Each structure stands twice: as structure tokens, then as C-alpha cells.
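Naming convention: chains lettered A, B, ... in sequence-line order (proteins, then strands); numbering from 1 in each chain. This one's a predicted model, so the numbers in the text were calculated from it and none came from an experiment.
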Number of protein chains: 2
Amino acid sequence: MVRPRFANLAPEQQQAILRAALDEFATHGFHDASLNRVIEAAGISKGSMYYYFEGKEDLYTYVARIEVERLLAEVGPFSVPSQGDADAFWSTLADYYLRLMTALTASPQLAALIRGWAAASKTPALQEAQQQLEQGMWPWLVQTLAAGQRVGAVRSDLPAALLIAVVVGMGQAMDTWLVTRAPDIDDLPRLIGALVEMIRGAVRP
Amino acid sequence: MVRPRFANLAPEQQQAILRAALDEFATHGFHDASLNRVIEAAGISKGSMYYYFEGKEDLYTYVARIEVERLLAEVGPFSVPSQGDADAFWSTLADYYLRLMTALTASPQLAALIRGWAAASKTPALQEAQQQLEQGMWPWLVQTLAAGQRVGAVRSDLPAALLIAVVVGMGQAMDTWLVTRAPDIDDLPRLIGALVEMIRGAVRP
DNA sequence: CTGGTGGTTCGACCAGTAGTCTAGACGATG
DNA sequence: CATCGTCTAGACTACTGGTCGAACCACCAG
């Protein structure tokens with residue numbers, strides 16, 4: 001966990017560290033990023049870095065969390081549609097997905113960070129961080145799944161964990177495909193529509 | 001590329017190196033594996049290791065390739081069904097998938113290696129290896145996809161690369177779910193059937 | 001038997017890594 | 001002025017993957 005002292009640091013220093021770390025992690029991923037380079041770029045000493053962060057993993061998860069929160073705040077809240085039919089459920093989801101992806105294509109650095117996260121999170125060194133993130137997202141996922149089942153949009157004959165795992169896997173595959181192809185903004189809605197259609201077909205009752 | 005001299009090495013030495021490497025990579029993944037530990041466990045010197053392999057990545061991809069080839073040989077060949085209807089296409093696929101997974105659950109070390117591969121392959125250090133592997137699998141994937149489209153089992157209105165990416169993503173998610181849950185052998189057919197059904201629903205025309 | 005020669009092995013060494021630790025600078029407070 | 005907590009600097013440790021030159025050894029020609 002990031003040490004609370006970090007909040008007391010002068011904001012410009014905080015920004016310098018965060019910017020340096022984001023740069024490094026976005027371009028190199030977790031493993032190939034060098035903490036020494038971050039320290040140098042941020043213009044601080046090793047002692048200071050370890051005074052504010054527990055280590056490389058801590059810095060990485062902190063930066064990732066901050067950036068994701070920024071993205072989510074920018075995209076706006078998502079409310080699970082508790083009523084309506086299956087079509088309404090899926091169009092709500094597609095709408096949110098579209099908003100997310102448009103925001104993401106606008107900030108390629110964050111996209112790279114997230115892609116790197118998806119690649120590195122399964123590695124032993126980051127399992128704790130991965131679990132932590134999953135715990136944070138889990139209620140949202142379960143809730144959305146339950147809502148989908150309630151309106152008859154999602155099958156109920158398989159374990160929820162399996163359904164979620166598969167859908168998340170599909171989402172990751174789609175994201176990397178989208179982000180590496182970098183399609184036109186105008187094409188995005190059509191593409192996203194097709195992608196949500198695929199998810200819908202996969203989990204249809 | 002593994003140096004050709006390796007083939008001339010005494011078989012027991014080859015085995016010692018391969019076994020040590022498989023052990024290390026399966027338990028630690030690529031990044032957290034230590035080449036020094038492999039060298040020690042294999043009972044050779046650093047110079048010899050680098051005499052036979054170009055480096056860590058080379059050893060890793062070699063071990064992975066050997067083990068995957070062993071698995072595929074054990075599972076037997078897969079022939080794309082060129083005729084028949086969609087049901088036949090999917091049942092052939094489900095059958096092959098089932099054979100693969102039963103073989104995989106029988107050798108957890110190999111399963112761990114493959115899981116580690118999926119996690120580490122997107123990392124910058126392994127992109128070449130990843131591309132190499134993909135190039136090897138690509139014709140097979142494209143062929144199978146085309147066969148599916150020919151019998152009307154797979155939609156044709158989306159880029160082949162996107163369809164393949166999504167299906168591979170689903171497969172990875174399912175594999176890790178299956179392998180971490182380690183379900184009964186008896187339950188496997190039912191589960192695999194459901195999983196293939198999900199894939200079918202996702203890519204249905 | 002001598003002296004190469006080429007394939008093979010060894011381990012010291014290099015530049016880099018993440019992380020630890022101690023000495024001290026700075027400022028507030030008694 | 002003295003002391004105490006906050007903070008910084010950077011030397012240091014134990015490790016990493018990778019390089020390199022020396023030595024070893026079976027072979028063969030003279």
C-alpha cells in the first residue's frame with residue numbers, strides 16, 4: 001500500500017513521480033520497467049522513493065489505480081439497468097462500452113498501461129495486486145450479471161464465476177484488438193455493437 | 001533459436017537441462033524464473049548454458065515448444081471437418097477440445113507452463129516468441145475458421161482476425177478457469193460442451 | 001612422442017536490477 | 001540552544017541475465 005505520507009508531499013513532486021512512473025510503465029510494462037529510471041526521471045533519490053512507496057509493485061498498482069479512476073470518472077457512472085427487457089440491458093451495456101473505448105482511444109498512454117496490466121497481472125509478482133483489483137470489481141460484475149439474468153438476457157445454468165471469466169476474457173481480447181487496430185472513431189459504434197452482440201450470443205440462455 | 005549443437009549433447013544431459021528448465025518455468029513463470037537456478041539444478045555451468053542456448057528466452061520457448069509438441073502428439077491429430085453441417089463442425093471441435101483438456105489435466109506442470117505462457121507472452125521481452133508461435137498456429141486457425149464458415153457455423157461479416165482473437169480469448173479464459181478449478185474428469189464433457197456452446201453462440205451467423 | 005586444433009566447459013566478471021540502511025539536513029517545538 | 005520527528009541522499013547488498021577469455025581434452029599430422 002502506498003504510504004499515507006505521499007499525500008503530504010508537495011503536489012508538484014507527486015505529479016513528477018506519477019508522471020515519470022506512468023511514462024515508464026506505459027512504455028515498458030511492469031517487468032521491463034526500471035524503477036531506477038523512474039527515480040531519475042522524477043528527480044528524487046532512492047531513499048525518498050522507498051519512503052513514499054513500498055516498492056515497485058506498490059508504485060505500479062498506485063499509478064494504475066489513479067489512472068483507472070480518472071478514466072472512470074471521465075466516462076461517468078454506470079448504473080445497472082434493473083428493469084426493462086434483454087434488449088434494453090444489452091444496449092445499456094453497449095453504450096457504456098462505447099463510452100469507455102472512446103475515452104480510452106483518446107489517451108493511448110492509459111490504454112498501454114491497461115494492456116500491460118492485463119499482460120502482467122497473472123504473473124506471480126503481481127498476484128496480490130490482481131486479487132485486490134478483482135475484489136474491487138467483483139461486486140459490480142456479479143450485480144450486472146444478476147441484472148442480466150433477471151431480465152432474461154443471460155443464462156443461469158452455469159457458474160457465475162465461469163460466465164464472468166469468459167466475458168472478461170472476451171472483453172480483453174476485443175480491447176487489445178480494438179486498441180492495436182486503432183479504428184476510426186466513426187467505425188467504433190458499429191464495431192462495439194458487433195462485439196456486444198458476440199458477448200450476448202455467448203451468454204444467451 | 002536453440003543452437004543445433006544441443007542435439008549432439010548426451011541425452012541425459014539434455015534431459016537434465018530440460019527437466020530443470022521445465023520445473024523452474026512451470027513454477028515461477030518466465031519473468032520470475034531464475035536462469036541461475038536452472039543452471040545449478042541442471043548441474044552445468046553458465047558457459048555451457050549459453051553455449052547451447054542463446055539466452056533465457058530461447059530456453060523458455062524451446063522448452064515450451066517441446067512440451068506442447070509432446071501434448072499435441074499425445075492428443076492426436078485434428079482434421080478440419082470439410083463437410084457436414086454446423087452441428088458436425090462443432091461436435092468435432094468439442095471432441096478435440098475435450099481430448100486436449102483431459103490430457104492437460106493429467107500433466108499439471110505442462111498446464112502451469114501454458115498458463116504462464118499466456119500470461120507472459122504479451123510482455124515486450126517475449127513478443128518475438130509470441131509472434132513466432134502465432135505464425136505457426138495461424139494457418140490452422142484460419143483454415144478451421146474458413147471450414148466453419150463454409151458449413152454455415154460461423155458468421156462471415158466480421159474480420160477473421162477479430163473472430164479468431166475473440167475465440168482465442170474465450171479459450172484462454174475457459175482454460176484457466178478449468179485448470180484452476182480442476183473439476184472431476186467425469187464433469188469435463190458436460191463443461192466442455194457448455195463452453196463450446198458459448199463459443200458457438202458468440203460466432204453464430 | 002610432440003604440437004596443434006577445434007569443440008567444449010568453466011567461472012570470473014560486467015552492467016544492470018530491486019531493495020536496505022545509515023548518516024545527516026532541516027525545521028518545529030520545548 | 002537542544003532535542004526530536006520528518007525527510008533525503010546515496011552507498012551498499014544480493015541478486016539478475018549475459019559476456020568472455022582461459023583451460024581442458026580428444027583427436028590427428030608430422
Side-chain angles (χ1 to χ4, degrees), chain A residues 1-18 20-21 23-25 27-64 116 120 123-129, chain B residues 1-18 20-21 23-25 27-64 116 120 123-129:
Chain A
M1 253 340 198
V2 56
R3 307 214 146 95
R5 318 165 175 137
F6 185 66
N8 296 102
L9 193 58
E12 58 265 29
Q13 283 253 45
Q14 289 187 33
Q15 284 309 310
I17 295 176
L18 253 35
D23 245 52
E24 180 75 12
F25 286 128
T27 59
H28 294 97
F30 174 73
H31 284 289
D32 298 332
S34 162
L35 199 52
N36 291 343
R37 277 198 297 256
V38 175
I39 285 165
E40 199 176 2
I44 62 172
S45 73
K46 200 155 233 189
S48 294
M49 178 58 94
Y50 278 89
Y51 186 71
Y52 292 111
F53 293 91
E54 285 176 11
K56 187 183 183 183
E57 178 192 324
D58 191 26
L59 177 63
Y60 181 59
T61 55
Y62 180 71
V63 170
T123 224
L126 283 178
Q127 262 183 334
E128 289 177 44
Chain B
M1 252 340 199
V2 56
R3 308 215 147 95
R5 320 166 175 134
F6 186 65
N8 296 103
L9 194 58
E12 59 264 30
Q13 283 253 46
Q14 289 186 33
Q15 284 309 311
I17 295 176
L18 252 34
D23 244 52
E24 181 74 13
F25 285 128
T27 60
H28 294 97
F30 174 73
H31 284 290
D32 297 332
S34 162
L35 200 53
N36 291 338
R37 278 197 297 257
V38 175
I39 285 165
E40 199 176 2
I44 61 172
S45 73
K46 198 156 237 191
S48 293
M49 178 60 94
Y50 277 89
Y51 185 70
Y52 291 110
F53 293 91
E54 284 177 11
K56 187 184 184 183
E57 179 192 322
D58 190 27
L59 177 62
Y60 182 57
T61 54
Y62 180 70
V63 170
T123 225
L126 284 178
Q127 263 182 334
E128 290 179 42

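- When the side-chain nitrogen and oxygen atoms of S45(A) are compared with OP1 and OP2 of dG10(D), none of them lie within a distance under 4.0 Å.
- At distances below 3.5 Å, not a single donor-acceptor pair connects side-chain atoms of R37(A) with backbone N or O atoms of A20(A).
- Rounding to whole angstrom units, CE of residue M49(A) and P of dC7(D) are separated by 16 Å.
- Look at CG on D58(B): it is 13 Å from C1' on dG17(D), rounded to the nearest Å.
- For Y51(B), the side-chain atoms get nearest to dG7(C) when compared with the rest of dG7(C), dG10(D), dT16(D).
- Rounded to a whole Å, the CG atom of N36(B) is 13 Å from the C1' atom of dC13(C).
- Distance alone, capped at 3.5 Å, places no donor-acceptor pair between the T123(A) side chain and the L126(A) backbone.
- K46(B) has its side chain within reach of N36(B): a pair of non-hydrogen atoms, C-beta onward, lies under 4.5 Å apart.
- Between the C1' atom of dT8(C) and the CZ atom of F53(B) lies a distance of 15 Å, rounded to the nearest Å.
- Here S34(B) reaches the OP1 or OP2 of dT16(D): one of its side-chain N or O atoms lies under 4.0 Å away.
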Sort me out a list of protein N/O and nucleotides 20-28 of chain C N/O pairs below 3.5 Å, or just none if empty.
none

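- Taking 4.5 Å as the limit, some side-chain heavy atom of H31(A) sits within range of a side-chain heavy atom of D32(B).
- Taking atom CZ on F25(A) and atom C1' on dA18(C), their separation rounds to 11 Å, with Å as the unit.
- Residue-to-nucleotide proximity on DNA chain C shows that, of H31(A) and N8(B), the 5′-proximal contact is made by N8(B).
- Atom NZ of K56(B) is separated from atom C1' of dC15(D) by 12 Å (rounded to the nearest Å).
- Heavy atoms of other residues, nucleotides or ligands lying less than 6.0 angstrom from CD of E40(B) number 12 at most.
- Atom pair R5(A):CZ and dC7(D):P shows a separation of 7 Å (rounding to whole Å applied).
- Taking atom CZ on R3(A) and atom P on dG5(D), their separation rounds to 18 Å, with Å as the unit.
- In this structure, Q14(B) and F6(B) have side chains that are in contact, with non-hydrogen atoms separated by less than 4.5 Å.
- Atom CD of E128(A) has 12 or fewer neighbouring heavy atoms from other residues, nucleotides or ligands inside a 6.0 Å radius.
- A33(A) comes within 4.0 angstrom of the backbone, heavy atoms only, and of no base.
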